[in-house]
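So you know, we letter chains A, B, ... as the sequences are listed, proteins then strands, and number each from 1. All values below were derived from every heavy atom in this structure, side-chain atoms included, with hydrogens, water molecules and symmetry-related copies excluded.
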Protein chains: 2
Amino acid sequence: MAHGQMSETARTRSKSQQAYHWIQERIAGGEFTPGYRLVLGSIAHELDMSVVPVREAIRRLEAEGLVTFEQHVGARVAMIDDSQYRQSMEALALLEGAATALAARHLTADDLRRARDLNRRLVESLDDFEPHLFTSLNHRFHAVLFAACPNPRLLALVDAEWVRLGHLRDSTFSFVPGRAHESVREHDALVDLIESGAPLADVERAARGHRSATLAAYLSHEHPDEAPAAAGVTTV
Amino acid sequence: MAHGQMSETARTRSKSQQAYHWIQERIAGGEFTPGYRLVLGSIAHELDMSVVPVREAIRRLEAEGLVTFEQHVGARVAMIDDSQYRQSMEALALLEGAATALAARHLTADDLRRARDLNRRLVESLDDFEPHLFTSLNHRFHAVLFAACPNPRLLALVDAEWVRLGHLRDSTFSFVPGRAHESVREHDALVDLIESGAPLADVERAARGHRSATLAAYLSHEHPDEAPAAAGVTTV
DNA sequence: CCTATCCCGACCGTATACGATCCGCTCGAG
DNA sequence: CTCGAGCGGATCGTATACGGTCGGGATAGG
């Protein structure tokens, strides 16, 4: 920032947006854990602004489902309990599956190479298993595959769901380490499928099934008593 | 409202929420058409409150995609152009298809009867075709079918997409009246499928295909030149 | 007559102020 | 000792105030 501000209009994000990003980062980074109380005044003071922009930011986060708000009580980071986790994963399976299928025909050879490379790094990370790194790479792998989806609305929904799962997504592989090995194999199969020009329905089924399987692994590990049918939209 | 206000805490919605609902109704009702300029001060004055709650309401509407916001310029009702319409319909096909499939096993005989009844009214309305009524009944018909979906998150996404399409959804059947006849036949087939206990995959495919077909009809009517493959997620 | 510049009004963004509500703690009665 | 009423601090909800930014119309020059 040698010259202070550059294109003043584009560079100067409004304070509401500053607050929004600041809070979102803390939530995504796990610094604000679920249930954490978001006090307007404190945040405002921390960010050196008044409460008004902070309120707006929190309202937006509320609309996105990241925080809950109670009248005259305030906001707290949304508690994603097991059932909500399951619901979001189910939705993500759907959305990501479709996005991946729609993107399949638009992937370049370079994209596929990058996907394979990321999966290679995933395999390597299996030895010295680090949930956070694994999750991050996993996200990037899938992002490469569905990013080319020509439907921005769908992409927005997919992203929103990823954000919503937030830090929680780490835990899937922390809790069920065995799932990670199976996961990377499915990744390879998925890329093969896409590369071979398989019918989009097959690609969608594979991508959806992949995530549903992760969910199922989590559920059967956390709630061994529940009927396996709970996995839900594995139907298609 | 003989007694003015009842349980003050539950009944007294905060002014932000008042503003939110007030604006949303106007948008849904078509009073505020796409592109309409939402001036904070005017709305605040109209609702007899200050601009602060109105700003919050508009922020929330922005997060939901109903209005767009530009720095130092203000908010206006989101322009849903053709491409966005297509994208939302595609997303809705996905989400509603899955929600309908997941709900299928939970539908009571009464639910199915209500669905058939609504479709009967749809058939009747075909004679004296009234787009708005038809669309409304159409929504209620589908709502009956997917309301029993055990995944609230999915339902929320479906609802959000319906709201997003808003008034625009009227136009589908206004523009392509022929589609309405085909639509009600598909409705019957869909209910039959559910009632017969067909595999969920079949239900999902049928429900998704139904909406994709509506989209395709719209597209081929509006843009006869485009490749029909544009219909998108008809794949599964 | 057409174009570029300047100025002004409308509106947005944020700060500050103040009343309202909730939650936890103290204190007294049983 | 237990429990309910009352009080006070913390925090929210909204109003008002003021400086900043944008867009359009008047004005001067070509």
Listed by chain and number, what are the salt bridge (charged side-chain N to carboxylate O under 4.0 Å, His left out) partners of B:R55, not counting sequence neighbours? A:E56

Once you round it to whole Å, what is the distance between C1' of D:dA10 and NE2 of A:H45? 16 Å

Residues forming a ring-ring contact (aromatic ring centres under 6.0 Å, His included) with A:F134, sequence neighbours excluded: A:F129, A:F173

side-chain hydrogen bond (donor to acceptor under 3.5 Å, both in side chains) contacts touching residues 36-49 of chain A (sequence neighbours left out): none

Nucleotides 9-15 of chain C: protein proximity per nucleotide (B base, S sugar-phosphate only, - neither; heavy atom, under 4.0 Å): --SSSBB

Tell me the salt bridge (charged side-chain N to carboxylate O under 4.0 Å, His left out) pairs involving residues 92-106 of chain B, sequence neighbours left out? B:E96-B:R211

Enumerate the salt bridge (charged side-chain N to carboxylate O under 4.0 Å, His left out) contacts for residues 15-30 of chain B, please, sequence neighbours excluded, ordered by first and then second residue. B:R26-B:E31

